[in-house]
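Worksheet for the structure shown next.
For this chain, numbers begin at 1 and follow the sequence in order.
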Amino acid sequence: MIKCIKNDGLAQVKGNEDKIIKALLNNKYYDEWEVSEAENCITFNLCRDNKGLRFNNHPDTWFKIKDTGEILISMYMAPTNNTYYATIFSPKPESESMGMIMNAPNFIRLDTNYDKYGVFSKLTLEGKTYMLRPEDILLFNEAKELTHVLQNPTLQTLLHNGFHGRVLNDGA
């Protein structure tokens, strides 16, 4: 399990497009960059060392510009100062993630019907339904409610969504 704190200092891309463009003009962090607009959507394409970053001014996209000029992006997750606990989903009954899911106050049902869903599991929470696959990252808030599912099985996913954290050895 990883204890995570959502980075503050993030702002919505929408409404701050000029600030991002100014930062791109005033530093040399990115080797290449391009900004395009189509139908009220502004898209940023950035490249450094042959690695690309693409994002737009969707209302659920957040950013932070580091001192180096690097732009960090958080998708679909507004910045907070809340603490979260992240674990990797495993459908095995004895796994840490299954215990956390089953004990979440907002948990309603988990369907692991392999004939119907294959490797996916259908998770129903109060007001939300997710199709989980093994290795998805699950985020629980301090009230132990499951609040987010990140569908990319790397620690970098947390970092790219504005979280920093440390691995907890004691399972707390």
Side-chain angles (χ1 to χ4, degrees), residues 1-89 97 100 104-106 120 123-133 135-168:
M1 181 184 322
I2 300 171
K3 182 177 182 179
C4 309
I5 298 174
K6 184 77 168 159
N7 284 341
D8 47 8
L10 292 166
Q12 262 185 318
V13 171
K14 189 161 195 74
N16 287 301
E17 298 89 347
D18 290 343
K19 182 177 181 179
I20 295 169
I21 293 169
K22 183 178 177 183
L24 291 168
L25 288 169
N26 290 327
N27 71 62
K28 303 288 184 211
Y29 183 83
Y30 293 99
D31 302 325
E32 300 175 38
W33 58 271
E34 176 184 57
V35 179
S36 58
E37 182 175 9
E39 297 181 31
N40 295 324
C41 179
I42 298 174
T43 302
F44 295 85
N45 287 303
L46 315 176
C47 185
R48 178 182 166 99
D49 298 329
N50 294 319
K51 294 180 183 174
L53 173 64
R54 180 183 173 106
F55 61 96
N56 62 30
N57 64 339
H58 187 278
D60 287 334
T61 305
W62 303 80
F63 79 101
K64 179 177 182 176
I65 301 170
K66 294 175 67 174
D67 292 340
T68 61
E70 179 182 10
I71 298 174
L72 303 176
I73 298 299
S74 175
M75 306 292 288
Y76 308 108
M77 299 175 74
T80 68
N81 289 320
N82 296 338
T83 299
Y84 293 87
Y85 297 90
T87 189
I88 296 174
F89 175 65
S97 63
M100 292 176 72
N106 58 339
F120 288 87
L123 174 64
T124 305
L125 302 173
E126 292 174 5
K128 296 179 186 175
T129 300
Y130 295 102
M131 292 305 292
L132 300 178
R133 68 172 184 236
E135 304 295 312
D136 282 348
I137 296 174
L138 309 177
L139 290 167
F140 295 82
N141 64 17
E142 290 183 275
K144 299 184 180 179
E145 297 171 316
L146 178 54
T147 59
H148 299 88
V149 175
L150 303 177
Q151 297 180 329
N152 185 340
T154 66
L155 183 57
Q156 289 293 60
T157 302
L158 290 172
L159 299 174
H160 287 292
N161 279 282
F163 288 93
H164 60 91
R166 63 180 178 86
V167 175
L168 298 177

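Scored by the side-chain contact (heavy atoms from CB on, under 4.5 Å) test, E37 finds I42 as partners (sequence neighbours excluded). The ring pair (Phe, Tyr, Trp, His ring centres under 6.0 Å) check on F44 picks up F55, with sequence neighbours excluded.
Note that CG of D136 is 10.0 Å distant from OG of S97, once rounded to the nearest 0.5 Å. In this structure, NZ in K128 is found 7.5 Å from CG in L146, a value given to the nearest 0.5 Å. Annotation: the span from E34 atom CD to L24 atom CG amounts to 12.0 Å, rounded to 0.5 Å. Note that CD1 of I88 is 9.0 Å distant from CG of L138, once rounded to the nearest 0.5 Å. Expressed to the nearest 0.5 Å, how far CG of L125 lies from CD of E145 amounts to 9.5 Å.
Using a 4.5 Å heavy-atom threshold, the side chains of F140 and T87 count as touching. Inter-residue side-chain proximity for Y29 and K66 is flagged as unmet; no heavy-atom pair is nearer than 4.5 Å. The shortest distance between side-chain heavy atoms of T61 and N56 falls below 4.5 Å. Side-chain contact between Y30 and I71 is present, with heavy atoms from C-beta onward closer than 4.5 Å. For the pair T43 and R54, the minimum side-chain heavy-atom distance is below 4.5 Å.
Formation of a donor-acceptor pair under 3.5 Å by the D31 side chain with backbone atoms of N50 is not found in this model.
Minimum heavy-atom separation, F63 to Q12: CE2-O, 3.3 Å. Between K14 and P59, the shortest heavy-atom contact is CD-CG, 4.0 Å. Shortest non-hydrogen contact noted between T147 and Y84 is OG1-CE2, 3.3 Å. Looking at every heavy atom in both residues, I65 comes nearest to I20 through CD1-CA, 4.4 Å. The shortest heavy-atom contact between N141 and Y85 is O-CD1, 4.3 Å. Of all non-hydrogen atoms in A143 and P105, the two that sit nearest each other are O-CG, 3.4 Å.
When each of L123, V149, I137, L132 is tested with F89 by the rule side-chain contact (heavy atoms from CB on, under 4.5 Å), just one qualifies, namely L132.
Sorted by first then second residue, the side chain to side chain donor-acceptor pair (under 3.5 Å) pairs that include residues 16-27, not counting sequence neighbours, are E17-N57.
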